[in-house]
Amino acid sequence: MADLWQSAMDHAVAAAREAGAVVREALQDEMKVMMKSSSVDLVTQTDQKVEKLIIQSVKEKFPTHQFIGEESVAAGAACVLTDCPTWIIDPIDGTTNFVHGYPFVAVSIGFAVNKQVEFGVVYSCIEDKMFTARRGKGAFCNGRPLQVSDQKEISQSIISTEFGSSRDPEAVDKIFSSMRKILCIPVHGMRGAGTAAVNMCLVASGCVEAYYEIGIHVWDIAAGSLIVSEAGGVLMDVGGGELDLMSRRVVAANSRSIAERIVREIDGFAPQRDDAPPPRA
Ligand code: IPD
């Protein structure tokens with residue numbers, strides 16, 4: 001099996017590079033922007049085109065594999081992670097950035113077997129940075145090994161997070177109160193790249209000590225979670241338990257102690273899970 005997953009990973013890297021070229025080219029053209037769950041949850045024809053391209057090319061090579069793709073799920077496909085080999089795809093992580101030309105946009109491809117991520121590929125396509133990780137074999141950026149920061153003091157750290165796409169006032173209040181508490185620890189600074197996948201790769205690269213968010217989806221974090229852990233980092237739920245990819249909550253940090261400190265400051269809430277059954281008509 002090991003060699004089969006390597007060839008799947010090689011395929012994912014090639015597909016992500018190809019997808020990134022399509023995304024870069026589309027940035028030059030006029031875009032048709034559409035809304036999904038709300039007026040701040042955006043999608044473009046490029047998201048849909050890139051996801052189709054990736055899925056088509058994978059299906060040709062691995063016809064029995066399954067898929068969870070952001071835009072397929074938006075179009076009604078099930079979001080269920082089984083034990084079967086499953087490609088978890090975000091064709092454009094940072095769609096809002098893409099729409100505005102804000103220069104952090106990534107193609108994210110995670111691959112899970114028995115519900116465990118075996119490899120992750122995040123291509124930050126404007127920076128031309130290819131982040132990769134294979135279970136047990138380390139994490140890399142453009143072929144160079146990645147290592148999380150060795151900073152032990154949260155007060156000397158940069159923490160990243162995002163506002164996400166919920167504008168529910170209660171959720172927004174919790175997001176702000178968590179940020180306020182973390183900022184006032186105090187920490188050196190807070191950041192957000194506008195893409196969960198890139199935020200996680202920044203933790204893996206050692207320039208940000210931790211990233212947390214409530215409201216992300218499995219396709220935003222599947223690849224990045226392995227890149228963080230293979231770079232020596234730690235993942236957990238915002239409640240302090242084990243990371244559950246479907247729960248829409250994540251803390252990714254350079255160390256358990258910084259992750260646990262963030263958990264203590266977060267006002268948690270639980271959005272509807274990615275694998276929740278669709279509401280009955
Ligand atoms: C979004 C980005 C953003 C995060 C949102 C995600 P998308 O993904 O990762 O940084 O705050 O929670 O949904 O919609 O651009 O693929």
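Atoms within each ligand, like the ligands themselves, are counted from 1 in listed order. Every value quoted in this text rests on a predicted model; they were computed, and no experiment measured them.
Below 4.0 Å from some heavy atom of I216 lie the following atoms of ligand 1, by number and element: 12 (O). Near T95, meaning under 4.0 Å from any of its heavy atoms, are these atoms of ligand 1: 15 (O). Close contacts of ligand 1 with G194, meaning ligand atoms under 4.0 Å from a residue heavy atom, involve 2 (C), 3 (C), 10 (O). Near D220, with a cut-off below 4.0 Å to any heavy atom, the atoms of ligand 1 are 6 (C), 8 (O), 9 (O), 13 (O), 16 (O). Annotation for ligand 1: atoms under 4.0 Å from non-hydrogen atoms of G164 are 11 (O), 12 (O).
Ring-plane geometry between H65 and W5 is classed as perpendicular, the angle between the planes exceeding 60 degrees on a 0 to 90 degree scale with a lower cut at 30.
Ligand 1 has G94 within reach: a non-hydrogen atom of the residue lies less than 4.0 Å from it. Using a 4.0 angstrom heavy-atom cutoff, N199 does not count as in contact with ligand 1.
Of the candidates E213, K36, E162, the one placing a heavy atom closest to atom 5 (C) of ligand 1 is E213. Closest to atom 1 (C) of ligand 1 by heavy atom, among V105, D93, D41, is D93.
Side chain of E230 to main chain of G136: a donor-acceptor pair is present (N/O by atom type, distance under 3.5 Å, no hydrogens or angles).
One finds the CD atom of E209 at 7.0 Å from the CD1 atom of I158 (value rounded to the nearest 0.5 Å). Rounding to the nearest 0.5 Å places CD1 of I89 at 11.0 Å from CZ of F111.
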Would I216 and Y211 count as a side chain to side chain contact (heavy atoms under 4.5 Å, CB included) here? Give the steps.
CA-CA 12 Å; I216 36 77; Y211 157 69; 3.5 Å; yes
Stepwise, does the side chain to side chain contact (heavy atoms under 4.5 Å, CB included) test hold for H188 with Q151?
CA-CA 12 Å; H188 273 183; Q151 180 55 253; over 6 Å; no
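Remark: ligand 1 and A196 share an N or O pair separated by less than 3.5 Å (distance only, no angle test).
For atom 14 (O) of ligand 1, the closest non-hydrogen atom of the protein is E70 OE2, 3.4 Å.
At a heavy-atom distance under 4.0 Å, only side-chain atoms of D90, from C-beta outward, approach ligand 1.
A side chain to side chain donor-acceptor pair (under 3.5 Å) with D267 is found for exactly one of K181, K174, R180, namely K181.
The pair E260-R264 does not meet the salt-bridge criterion, since no charged nitrogen lies less than 4.0 angstrom from a carboxylate oxygen.
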